[in-house]
Amino acid sequence: MECASLARYSWVDLAFSVVGVCTFLVDWGSDIWVATEFYCRGDLLWFGVLVGLMALSSVVVQMFSWFWFQYDRELPGLGAGGGGGEEGAEGQGTAGNSVVMFGDRVKLSCLLHVLQLGFLCRHFWVIWQGFRVWWRREEGSEFAVYLTHDLSMLRLIETFCESAPQLTLMIYVMLQTNKARTVQFVSIAASTTSMAWMVVDYHRSLRSFVPDKAKQTWSSSVIYFLWNLLLMAPRVAALALFASVLPAAIVPHFALVWVVFVLWAWRQRTDFMDSAGGEWLYRATVGLIWYEGLTP
């Protein structure tokens, strides 16, 4: 890994953004495929649980995205729409005034978030901005890194709010029914890959966002991806096995452990969001991530 004093946006960062949106779309496409299969076969319980997980995760991510949109409109030089962070750096030119997500179209942004499309629009917006920076050969690089870091954080939240619970559900259904269809294998593979990739993407983005950190190369990214893939898959499988053996205990187990984690995050006096409501949403999300990561 090479150390850099300033963040620089490269074609590798653009490639990671493109792969990130592809994994997001494939994951959601596989979820819709599975939900359709459940509905057509009359498995309304699993259909309802899966759709509920998808809806809940979408609402949580849209709330974070909207909170950050509101916060960043008040930052000098940014105007509207990146995500909780720092002021724009020199070299972004007019980007800070006019190239931020949705510009000053607050009502349009609000409508997109209500329709659960704000997060998806962020994907394409960041890719477009990253392409412009790459085409201009790093002009506005720090601004693109700023937007990419926000998006990677949202993708990480979406992964642990939707992909991990959905993966646990798929494994649990296979264990309970003693059957495995092609669509379930596709969903499991898509969710597992998405989880591992999003953690790598966030870690790489975080290192790019912090100037005194060494940037992650392709080789280290591949190793870190495999590490997370082999680490998280057994954890989720263990949780699914626990649910299949003691199905009545999984909800109380989650509630008790999750509350403890949320209270622990509160005791750490986290200060990630700019409002009390947003901070409690963040703590609740952190508690969920800790639960899924530390259960086994």
Side-chain angles (χ1 to χ4, degrees), residues 23-65 114-117 119-120 154-199 232-262 281 284-296:
T23 56
F24 169 75
L25 293 175
V26 170
D27 188 28
W28 266 81
S30 66
D31 291 345
I32 294 174
W33 184 13
V34 172
T36 304
E37 286 285 317
F38 281 151
Y39 182 81
C40 293
R41 293 177 179 271
D43 297 326
L44 299 183
L45 175 61
W46 305 133
F47 168 79
V49 173
L50 181 58
V51 171
L53 290 174
M54 294 172 63
L56 180 61
S57 68
S58 179
V59 169
V60 170
V61 173
Q62 301 298 330
M63 289 177 66
F64 272 109
S65 179
V114 170
L115 296 176
Q116 307 300 297
L117 296 174
F119 181 46
L120 183 61
L154 288 173
R155 283 198 296 242
L156 185 69
I157 293 172
E158 189 273 339
T159 295
F160 282 94
C161 287
E162 190 270 333
S163 295
Q166 183 265 348
L167 177 59
T168 304
L169 176 64
M170 288 298 99
I171 298 176
Y172 172 78
V173 171
M174 291 173 61
L175 293 172
Q176 286 294 98
T177 60
N178 200 26
K179 295 179 182 178
R181 297 190 290 271
T182 302
V183 62
Q184 291 173 311
F185 282 118
V186 172
S187 179
I188 289 174
S191 296
T192 307
T193 304
S194 177
M195 288 172 57
W197 180 265
M198 293 310 173
V199 174
M232 290 186 291
R235 288 179 172 178
V236 174
L239 184 59
L241 286 171
F242 173 73
S244 65
V245 175
L246 298 171
I250 186 62
V251 174
H253 179 268
F254 167 75
L256 291 174
V257 177
W258 176 73
V259 168
V260 171
F261 284 148
V262 173
L281 176 64
T285 306
V286 168
L288 177 63
I289 295 175
W290 283 347
Y291 175 82
E292 294 167 343
L294 300 177
T295 295

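Just so it is clear, the model here is predicted, and its values are computed rather than measured. Numbering starts at 1 and runs along the sequence shown.
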Item to complete: Find the distance between CE (Met174) and CG (Leu169) and round it off to the nearest 0.5 Å.
Response: 11.5 Å
Discussion item. What I'd like to find out is whether the side chain of Leu288 reaches to under 4.5 Å of the side chain of Cys161, using heavy atoms alone.
Written reply: yes
Item to complete: Test side-chain contact (heavy atoms from CB on, under 4.5 Å) on Met232 and Val199 and set out the steps.
Response: CA-CA 10 Å; Met232 290 186 291; Val199 174; 4.0 Å; yes
Worksheet item: Of the non-hydrogen atoms in Gln176 and Ser244, which two are nearest, and what is the gap between them?
Response: OE1-O, 3.6 Å
Item to complete: Look up atom CG in Leu246 and atom CG in Leu241, then write down how far apart they are to the nearest 0.5 Å.
Response: 11.0 Å
Discussion item. For a quick test of reading the model, state the closest non-hydrogen atom pair linking Asp31 to Met54 and the distance between them.
Written reply: CB-SD, 3.7 Å
Worksheet entry | Shortest non-hydrogen contact between Ala240 and Ile171, atoms and distance | CB-CG2, 3.5 Å
Worksheet item: Got a donor-acceptor contact below 3.5 angstrom from the Thr192 side chain to the Ile188 backbone?
Response: yes
Worksheet entry | Parallel, tilted or perpendicular: rings of Phe47 and Tyr39 (30°, 60°) | tilted
Discussion item. Please report the interatomic distance OH(Tyr172) to CH2(Trp46), rounded to the nearest 0.5 Å.
Written reply: 4.5 Å
Worksheet, complete the sentence: dist Phe119:CZ -> Arg155:CZ (nearest 0.5 Å) comes out at 6.5 Å
Worksheet item: What is the distance from atom CE of Met195 to atom CG of Leu167, rounded to the nearest 0.5 Å?
Response: 6.0 Å
Discussion item. Treating Thr36 as the side-chain partner and Ile32 as the backbone partner, does any N or O pair qualify as donor plus acceptor under 3.5 Å?
Written reply: yes
Worksheet item: Roughly how far apart are Tyr291 OH and Leu239 CG, rounded to 0.5 Å?
Response: 4.5 Å
Item to complete: Report yes if some heavy atom in the side chain of Leu154 is under 4.5 Å from a heavy atom in the side chain of Glu158; otherwise report no.
Response: no
Worksheet item: Pick from Val286, Thr285, Ile289: which one makes a side-chain contact (heavy atoms from CB on, under 4.5 Å) with Phe160?
Response: Ile289
Discussion item. Test your reading of the model: is there a side-chain donor-acceptor pair from Trp258 to the backbone of Ala284, 3.5 Å cut-off?
Written reply: yes
